[in-house]
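Read the structure below first, then the notes.
Just so it is clear: chains get the letters A, B, ... in the order the sequence lines come, proteins before strands, and each one is counted from 1. Worth knowing before you read on, the calculation uses all heavy atoms, side chains too, and leaves out hydrogens, waters and symmetry mates.
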There are 2 protein chains.
Amino acid sequence: MVELSLGLSLDNIFASLADPTRRDILRQVAIKELSVSDIAKAYNLTFAAISKHLKVLERAKLITKRKEGREQIVQLAPSTMKDATEYLRTYEKLWNDRFDALDAYLKTLPK
Amino acid sequence: MVELSLGLSLDNIFASLADPTRRDILRQVAIKELSVSDIAKAYNLTFAAISKHLKVLERAKLITKRKEGREQIVQLAPSTMKDATEYLRTYEKLWNDRFDALDAYLKTLPK
DNA sequence: ATAACATTCAACCAAATGGTTGAACTTTCT
DNA sequence: AGAAAGTTCAACCATTTGGTTGAATGTTAT
């Protein structure tokens with residue numbers, strides 16, 4: 001388990017993002033805070049299944065929950081996703097170098 | 001399984017990135033092409049385990065292999081990682097909006 | 001031909017994942 | 001107080017994952 005500064009782990013972040021339901025939940029709460037049942041309504045899954053998905057997202061610190069009366073309100077934790085982007089960005093230069101090399105090579109080929 | 005344009009799936013890409021060994025393999029081959037045994041030497045794992053990791057990366061189209069004599073040379077497939085970055089970038093605006101909102105709120109607080 | 005090297009395949013195992021159902025708990029409404 | 005709403009917990013199940021070992025395959029060197 002590779003850990004980042006604040007106890008964040010890329011393992012957990014990417015594992016969370018590997019599931020389409022969870023990506024979609026993130027998309028939803030990125031637009032607007034929602035209660036657990038708001039979220040559950042949108043999917044053909046049991047309440048418990050959604051609850052589990054949220055726990056995965058919470059462990060990865062991609063969302064936070066706060067209690068409001070009998071409801072749990074889910075909201076995006078934007079800083080964590082930034083870490084994932086930053087990780088990928090680190091490699092961008094290398095990818096771009098590869099593309100440039102390919103490009104240069106192609107130019108050496110006979111027309 | 002959510003599919004992107006070229007048969008790429010974010011499911012597979014992110015699942016691949018969720019493992020530290022695989023992230024490290026990507027890091028290595030991003031710098032320089034390596035044979036399977038070059039890679040295996042760097043980890044305290046059996047050859048077969050590495051072979052499996054490579055199959056996961058191949059399925060996600062993050063690497064490609066080509067045969068050279070009795071060796072398999074592993075090389076980065078940069079375009080796929082770009083898709084993952086692009087996905088995360090899509091949400092960046094939303095995250096930034098959240099940060100801006102928080103920032104504005106903090107300014108309303110008494111000093 | 002035979003040995004050595006590079007890699008994969010098959011069978012197995014333990015742990016994790018994504019789902020279910022049903023009971024339990026807390027908060028609100030009447 | 002009792003019912004309903006919102007959510008979680010526990011137990012279970014099937015599948016996937018990350019690892020192992022040992023045999024099998026293809027390639028190169030002697």
**Request:** Calculate the interatomic distance between B:Ile73 atom CD1 and C:dT7 atom P; express it in whole Å.
**Result:** 7 Å

**Under 4.0 angstrom between B:Lys55 side-chain N/O and D:dT17 OP1 or OP2** = no

**Message:** Measure CZ/B:Arg23 against P/D:dG18 and give the value in whole Å, please.
**Reply:** 12 Å

**Request:** Fit a plane to each ring of A:Phe14 and A:Tyr87, take the angle between them on a 0 to 90° scale, and name the class: parallel (under 30°), tilted (30 to 60°) or perpendicular (over 60°).
**Result:** perpendicular

**Hydrophobic cluster membership, B:Ile39 vs B:Leu45, 4.5 Å side-chain cutoff** = yes

**Prompt:** Can you tell me how far P of C:dG18 sits from CG of A:Leu54, to the nearest Å?
**Reply:** 13 Å

**Message:** Counting only side-chain heavy atoms from C-beta out, which of D:dT8, C:dT17, C:dA6 sits nearest to A:Val36?
**Reply:** D:dT8

**OP1 or OP2 of D:dA5 under 4.0 Å from side-chain N/O of A:Ser37** = no

**Asked** Hey, does the side chain of B:Arg22 reach the backbone of B:Ala15 with a donor-acceptor pair shorter than 3.5 angstrom?
**Response** yes

**Asked** Rounded to whole angstroms, how far apart are CG on A:Leu34 and C1' on D:dG6?
**Response** 15 Å

**Item:** Residue pairs, two or more places apart or on separate chains, that pass salt bridge (charged side-chain N to carboxylate O under 4.0 Å, His left out) and touch residues 67-79 of chain B
**Value:** B:Arg66-B:Glu68

**Fill in**
Per-nucleotide protein contact along nucleotides 19-30 of chain D, 5' to 3', at a 4.0 Å heavy-atom cut-off (B base, S sugar-phosphate only, - neither), is BBB----SBS--

**Asked** Roughly how many Å is it from CG in B:Leu57 to C1' in D:dG18, rounded to a whole number?
**Response** 13 Å

**Request:** Check the pair A:Arg23, B:Asp11 against salt bridge (Lys or Arg N to Asp or Glu O under 4.0 Å), reporting the backbone distance first and the verdict last.
**Result:** CA-CA 10 Å; A:Arg23 284 197 304 275; B:Asp11 292 47; 2.8 Å; yes

**Request:** Using distance alone, with no hydrogens and no angle criterion, decide if A:Ser35 and A:Asp38 have a side-chain donor and acceptor under 3.5 Å apart.
**Result:** yes

**Prompt:** Rounded to the Å, how far apart are B:Asp11 CG and D:dT17 C1'?
**Reply:** 15 Å

**Item:** Contact summary for B:Ile50 and B:Ala40, nearest pair of heavy atoms
**Value:** CG1-CA, 3.9 Å

**Item:** First encountered from the 5' end of DNA chain D, between A:Asp38 and B:Ala15
**Value:** A:Asp38

**Request:** For A:Ile39 and D:dT7, give me the distance from atom CD1 to atom P, rounded to whole Å.
**Result:** 9 Å

**Complete:** Between CD1 of B:Ile50 and P of C:dC9 the distance, given in whole Å, is 16 Å

**Message:** Using OP1 and OP2 only, check whether a side-chain N or O of B:Ser35 sits under 4.0 Å from C:dA6.
**Reply:** no

